[in-house]
Undergrad: 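A single structure is presented below for examination.
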Amino acid sequence: MSNAWQEAQKNLAGGVNSPVRAFKAVGGEPIFFSKGFGPFLFDREGKRYIDYCLSWGAILWGHADAPTIEAIQRQAVNGTSFGAATEYETALAVEIKKAFPALEKLRFTSSGTEAVMSAIRLARGFTKKERIVKFEGCYHGHADSLLVKAGSGLATFGTPDSAGIPASLAELTTVLPYNDVAALKQFLQNTRDTACVIVEPVAGNMGVVPARKEFLEVMRTETAKRGIVLIFDEVISGYRVTYGGAQHLYGIQPDLTVLGKIIGGGLPVGAFGGRAEIMDKLSPEGPVYQAGTLSGNPLSMAAGLSVLSRLTPDFYKNLNQKTARFVAQAEKALKRRHSNARIQSLGSMFTVFFSEKSLYNFKDVLDSDKKNFAAFFHRMIARGVYIPPSAFEAYFLSAAHTETELEKTLEILGEC
Ligand SMILES: Cc1ncc(COP(=O)(O)O)c(C=O)c1O
């Protein structure tokens with residue numbers, strides 16, 4: 001056992017600060033990374049990996065991206081946190097609103113979990129109702145009410161629900177199958193106590209499973225009819241699938257949207273926003289309390305602004321075409337050794353599944369062949385390609401991945 005892992009286990013719970021990092025799903029010891037540059041990560045021994053995890057999708061321009069570093073440095077010398085109003089928060093909000101017109105007003109938090117938790121409290125405060133509806137396999141962070149059938153992390157550990165969640169709270173969460181229009185209609189037509197429906201419009205946390213258009217359309221019409229708040233959790237999909245996120249791609253406006261990851265340029269961040277009428281219920285204007293010492297901190301705002309202000313529809317056209325070409329070739333390469341390999345993708349996110357058929361929901365994902373994955377993962381990292389250490393995750397491409405890395409990866413894929 002490496003010294004680093006031994007020391008980590010002595011001092012950190014489970015040796016890590018987020019469970020999937022412990023490699024339990026794939027076995028072996030976690031890799032300790034010390035550096036990232038462009039499309040690469042480097043471990044403590046200096047071994048180089050082509051990175052397709054990209055901090056779970058947060059990195060869009062590549063690691064140690066020069067303009068992002070410059071923006072962080074420029075801000076850092078002027079102070080890292082004031083706990084008071086700054087113009088940087090407004091600047092990032094304005095930038096986000098360009099891409100997401102449905103966000104009439106926003107609020108920043110320090111993580112996606114916090115943003116989702118706050119959006120749900122707000123929906124409950126706005127509607128004065130208590131039930132929330134989520135979908136099997138969608139993950140919305142680790143807030144109590146949402147750790148029910150929550151996809152990758154929990155599925156990896158075989159615990160469908162976390163311990164420590166009061167039954168009385170879990171009872172207020174209804175879980176429906178993803179992409180199942182009939183089940184959704186049936187539920188919504190009969191509910192009286194639902195405050196909100198929350199969905200990953202492109203699921204990334206059971207691997208990439210895009211929503212069927214009709215599923216989101218029905219969700220939008222049926223919730224609107226009943227005054228139920230529709231929340232799109234675009235923490236992953238937001239700045240991944242295209243400029244303006246899944247809501248732009250599908251042409252559907254939710255009432256509230258949650259963002260995270262990319263909007264902080266690799267620093268801690270989350271945001272939620274939407275219709276002004278709902279957002280105005282937040283304290284200090286309204287009765288729904290929500291706060292944060294480091295919310296909207298200047299470093300995350302500066303990094304986020306640097307990343308987002310360089311994005312255009314053309315940037316996405318290029319990145320998405322590069323990903324589509326790579327995915328098509330990667331699937332072919334994989335099929336040489338695994339006849340049931342398939343890749344599901346949208347924008348610059350994709351997942352390798354071992355399954356004879358397309359996957360539309362969490363059951364399809366659980367039915368896929370998982371026994372190949374651990375060996376596949378270890379062959380990939382041995383050859384210098386880092387992918388997420390769990391079978392049910394999204395992989396990502398960045399602007400920094402060039403044809404050289406992609407071709408190298410294809411060669412390796414064909415042998416793994
Ligand atoms: C869709 C989605 N929502 C919410 C979260 C929680 O974000 P965070 O890990 O920043 O708390 C995640 C994290 O992976 C996510 O993928």
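As the structure lists them, so they are numbered: ligands from 1, and atoms in each ligand from 1. Just so it is clear, the model here is predicted, and its values are computed rather than measured.
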Undergrad: I'd like to check which ligand 1 atoms, numbered from 1 as shown, lie under 4.0 Å from a non-hydrogen atom of K261.
TA: 13 (C), 14 (O), 16 (O)

Undergrad: Output yes when K281 and E285 qualify as a salt bridge under the 4.0 Å nitrogen-oxygen rule, no when they do not.
TA: no

Undergrad: Side-chain contact, heavy-atom cut-off 4.5 Å: V258 with F232?
TA: no

Undergrad: Among all protein heavy atoms, pick out the one at the shortest distance from atom 7 (O) of ligand 1; state its residue, atom name and that distance to 0.1 Å.
TA: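 For atom 7 (O) of ligand 1, the nearest protein heavy atom comes out as G112 CA, 3.3 Å.
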
Undergrad: Above 12 or not: heavy atoms from other molecules or residues under 6.0 Å from NE2 of H378?
TA: yes

Undergrad: Give the numbers and elements of all ligand 1 atoms closer than 4.0 Å to a heavy atom of S111.
TA: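 Checking each atom against S111, I get 10 (O), 11 (O).
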
Undergrad: Could you see which bit of V258 sits under 4.0 Å from ligand 1, with heavy atoms only: side chain, backbone, both or neither?
TA: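 The answer is neither; V258 stays 4.0 Å or more away.
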
Undergrad: Please report the closest heavy-atom contact between W5 and A22, naming both atoms and the distance.
TA: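 In this case the closest contact between W5 and A22 is CH2-CB, 4.2 Å.
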
Undergrad: Pull out every atom of ligand 1 sitting under 4.0 Å from any heavy atom of I236, numbered as shown with elements.
TA: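 This gives 16 (O) as the contact atoms.
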
Undergrad: If we ignore angles and hydrogens, is there a donor and acceptor under 3.5 Å between the side chains of E171 and S168?
TA: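 Not at all, the side chains of E171 and S168 share no donor-acceptor pair under 3.5 Å.
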
Undergrad: Any side-chain heavy-atom pair from H140 and T113 closer than 4.5 angstrom?
TA: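 Result no, sub-4.5 Å side-chain heavy-atom pair not found.
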
Undergrad: When you measure from atom 3 (N) of ligand 1 to every protein heavy atom, which one gives the shortest distance, and what is it?
TA: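 Ranked first by proximity to atom 3 (N) of ligand 1 is D233 OD2, 2.6 Å.
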
Undergrad: Name the residue from Y49, F40, F42 that meets the ring-ring contact (aromatic ring centres under 6.0 Å, His included) definition with F33.
TA: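 Going through Y49, F40, F42 one by one, the ring-ring contact (aromatic ring centres under 6.0 Å, His included) with F33 is satisfied by Y49 alone.
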
Undergrad: Do D193 and K129 meet the salt-bridge criterion of a basic N to acidic O distance under 4.0 Å?
TA: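 So K129 does not pair with D193 through a salt bridge.
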
Undergrad: Got the closest protein heavy atom to atom 16 (O) of ligand 1, with its distance?
TA: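 Nearest protein contact, heavy atoms only, for atom 16 (O) of ligand 1 is N205 ND2, 2.9 Å.
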
Undergrad: Between E200 and ligand 1, does any nitrogen or oxygen pair lie at a separation below 3.5 Å?
TA: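 Between E200 and ligand 1, no N or O pair is found under 3.5 Å apart.
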
Undergrad: Would you call V229 and T223 a side-chain contact if the rule is heavy atoms closer than 4.5 Å?
TA: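 Result no, sub-4.5 Å side-chain heavy-atom pair not found.
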
Undergrad: Should you measure from each heavy atom of G141, which atoms of ligand 1 turn up under 4.0 Å away?
TA: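 Selected atoms, number and element: 4 (C), 5 (C), 6 (C).
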
Undergrad: Does W56 come within less than 4.0 Å of ligand 1, judged by its heavy atoms?
TA: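 W56: no contact with ligand 1 (<4.0 Å).
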
Undergrad: Does the N or O separation between E114 and ligand 1 drop below 3.5 Å for any pair?
TA: no

Undergrad: Would you say ligand 1 has an N or O under 3.5 Å from any N or O of H140?
TA: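 Such a contact does not occur with ligand 1.
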
Undergrad: Give the residue and atom name of whichever protein heavy atom lies nearest to atom 9 (O) of ligand 1, and the separation in Å to one decimal.
TA: T113 OG1, 4.4 Å

